[in-house]
J.: 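This is the structure, below, for whatever I ask next.
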Protein chains: 2
Amino acid sequence: MLNSYSSADKVLLAVDCIIFGFDNDGLKILLIQRDFEPEKGKWSLIGGFLKRDEVLDAAATRILNTYTGLNDIYMEQLHAYSEIDRDPVERTISVSYFALINIENHNAELIKNYHAEWFPINDAPNLIFDHNEMVENAIKRLRYKTSVKPIGFELLPEKFTMRQLLELYEAILSKELDKRNFISKINSLEILNKLDEKDMQSSRKGSYLYTFNKEKYEEKLQNNFALNL
Amino acid sequence: MLNSYSSADKVLLAVDCIIFGFDNDGLKILLIQRDFEPEKGKWSLIGGFLKRDEVLDAAATRILNTYTGLNDIYMEQLHAYSEIDRDPVERTISVSYFALINIENHNAELIKNYHAEWFPINDAPNLIFDHNEMVENAIKRLRYKTSVKPIGFELLPEKFTMRQLLELYEAILSKELDKRNFISKINSLEILNKLDEKDMQSSRKGSYLYTFNKEKYEEKLQNNFALNL
DNA sequence: AATTATTAATGTAAGATTTACACTTAATTA
DNA sequence: TAATTAAGTGTAAATCTTACATTAATAATT
């Protein structure tokens with residue numbers, strides 16, 4: 001029995017993660033300042049190499065965990081980038097992943113030690129290699145996914161207000177949404193629990209907090225809802 | 001300056017193509033009977049290995065051309081598959097591509113020589129490795145893409161009737177569509193040219209032939225139309 | 001030559017969804 | 001207690017989607 005396809009060329013496989021977060025200032029991505037050549041000192045996506053006995057999803061998870069300390073994060077494979085000289089050191093094909101994290105949960109110290117930093121998606125530095133393109137494509141995918149599955153919730157804290165949810169969707173879609181219409185569309189999905197508790201930070205009146213109801217969501221998902229915002 | 005990431009592991013990168021075609025019998029995929037071990041004699045997607053100085057898109061194009069003789073074909077990268085033992089011979093990561101071809105144009109002899117064959121998507125043999133999964137995902141993507149861009153035209157001959165177009169969409173979406181509603185939705189896109197010529201094969205009355213108008217399509221595409229069938 | 005058979009072509013009304021829009025409420029602060 | 005601030009709420013018009021049936025054109029048959 002054959003044990004190698006001997007004539008074929010082998011290549012390096014990298015994984016680069018587009019990590020989205022959301023806070024009061026809007027939608028952000030986590031970038032890292034490279035501390036090795038080439039392009040040392042420049043900003044880059046967080047990435048690493050695939051190991052011999054590792055599946056791509058596992059590599060993405062490992063890399064995310066290394067730099068943020070987080071586990072159980074929503075991640076999705078996006079695209080394989082293969083331009084010949086995309087990495088000047090050595091032929092490297094990179095598979096991009098996007099991750100959605102609750103910006104409050106990550107390990108701030110870890111990030112700092114790695115010279116990583118959050119940047120607003122509309123005000124991020126220029127990135128090395130083809131990473132700008134990777135980010136652009138990730139934003140497109142995030143927009144699309146948002147209209148098909150309520151993955152936006154991954155970006156919010158456990159308890160959130162309608163306003164936060166609205167602002168998140170506005171940031172993702174980068175357009176203004178009508179408050180009343182938004183609320184009734186979200187409510188019609190029946191995947192939120194309205195709590196008896198109010199958030200008093202944002203206003204005098206206070207606004208009700210909600211949680212995301214995973215069970216109801218899973219139930220609904222069979223029937224494939226679309227969210228037309 | 002560094003010239004290798006020496007500690008990282010290298011892997012084989014394959015490309016597998018899900019090639020869709022359409023004729024009077026419906027939507028089909030092109031499969032090949034493997035003539036080498038492992039799994040010799042079993043059915044498989046058409047694939048090959050990425051070469052050292054080749055971009056993934058080029059590899060997909062090369063592979064498609066080798067087996068069908070076709071050039072200038074609509075292809076799109078889908079997903080990277082990386083299960084450790086997906087190929088029992090050697091660790092191989094495979095990137096899947098889907099292609100849409102006009103089934104009448106391909107080189108029938110070439111296909112025959114390679115022991116390739118068209119199968120209806122609902123009546124295809126079991127495939128090697130993870131190729132069944134690849135096909136399933138490709139069908140999902142084809143369905144989605146169809147609702148967003150009129151890529152279905154790639155599958156039709158240059159001149160086609162409304163009935164053919166309807167049947168193509170029915171095959172892709174695997175549901176019945178209302179003829180009158182379908183026609184008015186397609187017409188509202190304003191991307192077809194109605195010819196003065198009729199196809200007399202299908203009926204006594206004859207049905208008008210249409211061509212796809214690329215310029216009008218490109219024009220419209222800016223405004224991102226959705227086709228809700 | 002007339003009749004029959006076959007598929008193509010065409011429009012409308014009802015129902016569903018989406019959009020646009022403004023006032024009242026609750027609580028804090030001055 | 002008056003003023004301020006953001007929260008919370010409903011409806012009517014417009015648009016889009018759906019369901020549905022008859023006539024038209026031609027070839028084949030008698």
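Side-chain atoms are counted along with the backbone in the values below, which use heavy atoms only and exclude waters and symmetry mates. Every chain is numbered from 1, with letters handed out A, B, ... down the list of sequences.
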J.: Would B:D57 and B:Y97 count as having a side-chain donor-acceptor pair, cut-off 3.5 Å?
T.: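 Judged by distance alone, the side chains do pair up.
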J.: For DNA chain C, whose closest nucleotide is more 5', that of B:R204 or that of A:S203?
T.: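 Taking each residue's closest nucleotide, the earlier one in sequence belongs to B:R204.
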J.: Tell me the interatomic distance from B:L177, atom CG, to D:dT17, atom P, rounded to whole angstroms.
T.: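 After rounding, the gap between these two atoms is 14 Å.
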J.: Students often get this wrong, so: under 4.0 angstrom with heavy atoms, is A:D178 touching a base, only sugar-phosphate, or nothing?
T.: base
J.: Select from A:G206 and A:N181 the residue whose nearest nucleotide in DNA chain D is closer to the 5' end of that strand.
T.: A:G206
J.: Measure CD/B:Q201 against C1'/D:dA27 and give the value in whole Å, please.
T.: 13 Å
J.: Would you mind reading off the distance between A:K179 atom NZ and D:dA7 atom P, rounded to a whole angstrom?
T.: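 About 6 Å, once rounded to whole Å.
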J.: Confirm from the modelled atom types if A:K205 and D:dA6 form a donor-acceptor pair under 3.5 Å, side chain to base only.
T.: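 Flag unset: no donor-acceptor pair detected.
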J.: Quick one: how far along DNA chain C does chain B reach, first to last nucleotide 5' to 3', anything under 4.0 Å to a heavy atom?
T.: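 In short, chain B contacts DNA chain C from C:dA5 to C:dG11.
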J.: A:R163 has an atom CZ; how far is it from atom P of D:dT9, in whole Å?
T.: 15 Å
J.: Taking atom NZ as the centre, does B:K140 end up with more than 12 heavy-atom neighbours from other residues, nucleotides or ligands that are less than 6.0 angstrom away?
T.: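 Atom NZ in B:K140 is not packed in, count stays at 12 or less.
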J.: A:Y169 and A:E167: side-chain donor and acceptor closer than 3.5 Å?
T.: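 The answer is no; no qualifying pair exists.
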J.: Counting side-chain heavy atoms from CB outward, which of D:dC20, D:dA27, D:dT9 is closest to A:R180?
T.: D:dT9
J.: Take the angle between the ring planes of A:F98 and A:F20 and call it parallel below 30°, perpendicular above 60°, tilted in between.
T.: perpendicular
J.: Do A:Y81 and A:N137 meet the criterion of a side-chain donor-acceptor pair at a distance under 3.5 Å?
T.: yes
J.: Taking atom CD of A:E109 as the centre, report whether more than 12 heavy atoms of other residues, nucleotides or ligands fall under 6.0 Å from it.
T.: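 Not buried by this count: 12 neighbours or fewer within 6.0 Å.
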J.: Side chains of A:S94 and A:D16: is there a donor and an acceptor less than 3.5 Å apart?
T.: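 Yes.
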J.: Roughly how many Å is it from CD in B:E176 to P in D:dT18, rounded to a whole number?
T.: 15 Å
J.: Take atom CG of A:L166 and atom C1' of D:dA6, then tell me their distance rounded to the nearest Å.
T.: 13 Å
J.: Rounding to an integer number of Å, can you tell me how far A:K198 NZ sits from D:dA6 P?
T.: 15 Å
J.: Using atom CE of A:M200 as one end and atom C1' of D:dG8 as the other, report the distance to the nearest whole Å.
T.: 14 Å
